[in-house]
There are 2 protein chains.
Amino acid sequence: MSTLVDQLATVVQRPKRADAARNFDALVEAARAVFAADGAGASLEEIARRAGVGIGTLYRNFPTRDDLIEAVYVGEVEALVVAAAATEKLPAEKALGAWLRRFVEYIGTKHALIEGLNRESTVFAQCRAVMYGSGEPVLARAQAAGAVRDDVNISDVVRLVSGVAAVAVDDDAQRQRLIGLALDGLRPVG
Amino acid sequence: MSTLVDQLATVVQRPKRADAARNFDALVEAARAVFAADGAGASLEEIARRAGVGIGTLYRNFPTRDDLIEAVYVGEVEALVVAAAATEKLPAEKALGAWLRRFVEYIGTKHALIEGLNRESTVFAQCRAVMYGSGEPVLARAQAAGAVRDDVNISDVVRLVSGVAAVAVDDDAQRQRLIGLALDGLRPVG
DNA sequence: AGATTAGCGGAGGGCGCCTCCGCTTCGCAA
DNA sequence: TTGCGAAGCGGAGGCGCCCTCCGCTAATCT
């Protein structure tokens with residue numbers, strides 16, 4: 001379906017031989033669980049154990065820790081792309097807010113994983129491009145409807161909201177208040 | 001001078017014996033340098049080597065990595081308190097913006113250190129209290145002047161701006177744009 | 001000066017990182 | 001089906017870091 005998402009699988013690729021492909025999947029699944037439990041600094045040997053493979057196999061498929069983190073992260077980005085597509089039904093002035101709220105909710109729970117992400121990597125750059133590509137039409141629609149000022153671009157919007165998503169909050173009410181403030185900053189001036 | 005800052009030194013305390021006090025200072029100074037170079041995950045043995053003391057001495061003074069990170073962090077907070085005090089000369093509607101811009105600039109460079117900070121620690125809580133205490137009058141002044149909406153508190157403001165400070169940006173122009181958006185969100189509605 | 005005791009520091013056990021290479025098993029072709 | 005070459009496996013082992021423990025050193029007190 002989405003050609004955006006298809007770009008993501010290019011760097012670390014799933015091996016073709018049946019046993020190797022099984023191991024690859026087991027590793028990504030184990031990594032998802034262990035990173036969620038212990039954060040991005042989790043033991044790779046623990047991940048290999050959990051996946052039922054040797055540590056050598058982990059390193060053959062994912063030469064660096066970053067490669068493994070990224071493999072998990074790609075899945076998260078795909079979910080955001082789907083969420084952006086889902087806002088098409090909403091009116092233009094509501095769609096951007098809805099997507100961004102979803103964004104914050106999603107990123108907020110994956111905070112530990114994202115902190116461990118190498119922001120210079122190719123995969124990360126691709127993920128960013130894909131995310132921008134999916135959010136851009138939502139922003140453009142809001143701007144065309146006059147709900148959002150014209151002098152911001154999708155990169156500004158995503159980063160402003162990323163900041164709000166990452167910061168620690170007392171409770172959900174404060175998080176909502178912060179998102180509200182950020183969105184108010186996006187409204188046309190005057 | 002500021003009673004706010006004085007609260008900060010209470011948890012990890014500097015030993016009284018002359019040699020021990022020297023070692024303590026050398027450790028904090030070495031930690032500042034090594035954390036800045038290698039991030040919060042830097043080797044503690046490297047810090048001890050750099051300070052010219054045994055690893056045992058490091059652990060006696062700073063039983064956990066967090067204790068050492070916090071000792072460095074306290075210095076950063078003190079600088080922000082000074083910056084808040086320095087805005088007193090500015091007009092009410094400029095002072096908050098000035099302080100927050102300073103805040104972002106400062107926190108932006110110490111990003112790696114702050115990521116490693118344990119947000120549940122007593123010292124961190126004290127630092128937060130001190131920072132809020134020094135920023136609160138600046139905010140109140142801006143609100144009294146009608147430059148900032150009344151339904152936000154200092155915690156909202158600091159966290160909104162913390163988010164902007166922590167996020168990665170393309171260049172300084174984008175950072176300025178993001179701060180501008182966040183500050184626009186703080187203006188009175190209507 | 002001698003006694004007291006706070007403080008020193010590094011050896012050592014444990015763990016995680018990562019490489020290397022002999023062994024296994026897959027998948028193809030006959 | 002069988003045989004073979006290559007792709008893939010996995011764990012031993014070397015290294016660095018974490019942290020504790022305790023015999024030794026030297027600062028301070030009298």
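Proteins come first, then strands; the chains are lettered A, B, ... in the order of their sequence lines, and each starts at number 1.
- Closest to the side chain of A:Ala18, out of C:dC18, C:dG27, C:dG7, is C:dG27.
- For B:Leu27 and C:dG7, the CG to C1' distance is 13 Å, given to the nearest whole Å.
- Residues B:Val157 and B:Leu90 are members of separate hydrophobic clusters, defined by side-chain heavy-atom contacts under 4.5 angstrom among Ile, Leu, Val, Met, Phe, Trp and Tyr.
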- request: Under the salt bridge (Lys or Arg N to Asp or Glu O under 4.0 Å) rule, what do A:Asp25 and A:Arg14 come out as? Steps first, then yes or no, please.
  value: CA-CA 8 Å; A:Asp25 295 343; A:Arg14 193 164 173 279; 2.7 Å; yes
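- Neither OP1 nor OP2 of D:dG8 sits under 4.0 Å from any side-chain N or O of A:Asn23.
- Atom NZ of A:Lys16 is separated from atom C1' of D:dG8 by 12 Å (rounded to the nearest Å).
- As rounded to whole Å, 11 Å separates atom P of D:dC19 from atom CG of B:Asp67.
- Qualifying side chain to side chain donor-acceptor pair (under 3.5 Å) partners for B:Asp151, counting only residues two or more places apart in sequence or in other chains: B:Arg149.
- A:Arg60 places its CZ atom 8 Å from the P atom of D:dG10, with the value rounded to the nearest Å.
- For the side chain to side chain donor-acceptor pair (under 3.5 Å) condition, the pairs that include at least one residue of residues 86-102 of chain B, sequence neighbours left out, are B:Arg101-B:Gln176.
- Nearest heavy-atom pair, A:Ala42 versus A:Val34, reported as atom, atom and distance to 0.1 Å: CB-CG1, 3.5 Å.
- The distance between atom CZ of A:Arg22 and atom P of D:dA7, rounded to the nearest whole Å, is 18 Å.
- A donor-acceptor pair shorter than 3.5 Å can be found between the side chains of A:Thr64 and A:Asp67.
- Ion pairing between a basic and an acidic side chain is recognised when a charged N comes within 4.0 Å of a carboxylate O; B:Asp170 and B:Arg175 show no such pairing.
- As rounded to whole Å, 13 Å separates atom P of C:dC17 from atom CG of A:Asp66.
- Listed by residue number, B:Ala42, B:Ser43, B:Leu44, B:Glu45 are the residues of residues 37-53 of chain B with a heavy-atom contact under 4.0 Å to DNA chain D.
- Residue B:Thr57 has a polar side-chain atom (N or O) positioned under 4.0 Å from OP1 or OP2 of C:dG9.
- To the nearest angstrom, C1' of D:dT20 lies 18 Å from CZ of B:Phe62.
- For A:Arg65, taking side-chain heavy atoms from C-beta onward, the closest of the listed nucleotides D:dC18, C:dC17, C:dG7 is C:dC17.
- Rounded to whole Å, atom C1' of C:dA6 lies 16 Å from atom CZ of B:Phe24.
- For A:Asp19 and B:Thr64, each mapped to the nucleotide of DNA chain D holding its nearest heavy atom, the one lying further toward the 5' end belongs to A:Asp19.
- For C:dT25, neither phosphate oxygen OP1 nor OP2 lies less than 4.0 angstrom from any side-chain nitrogen or oxygen of A:Arg17.
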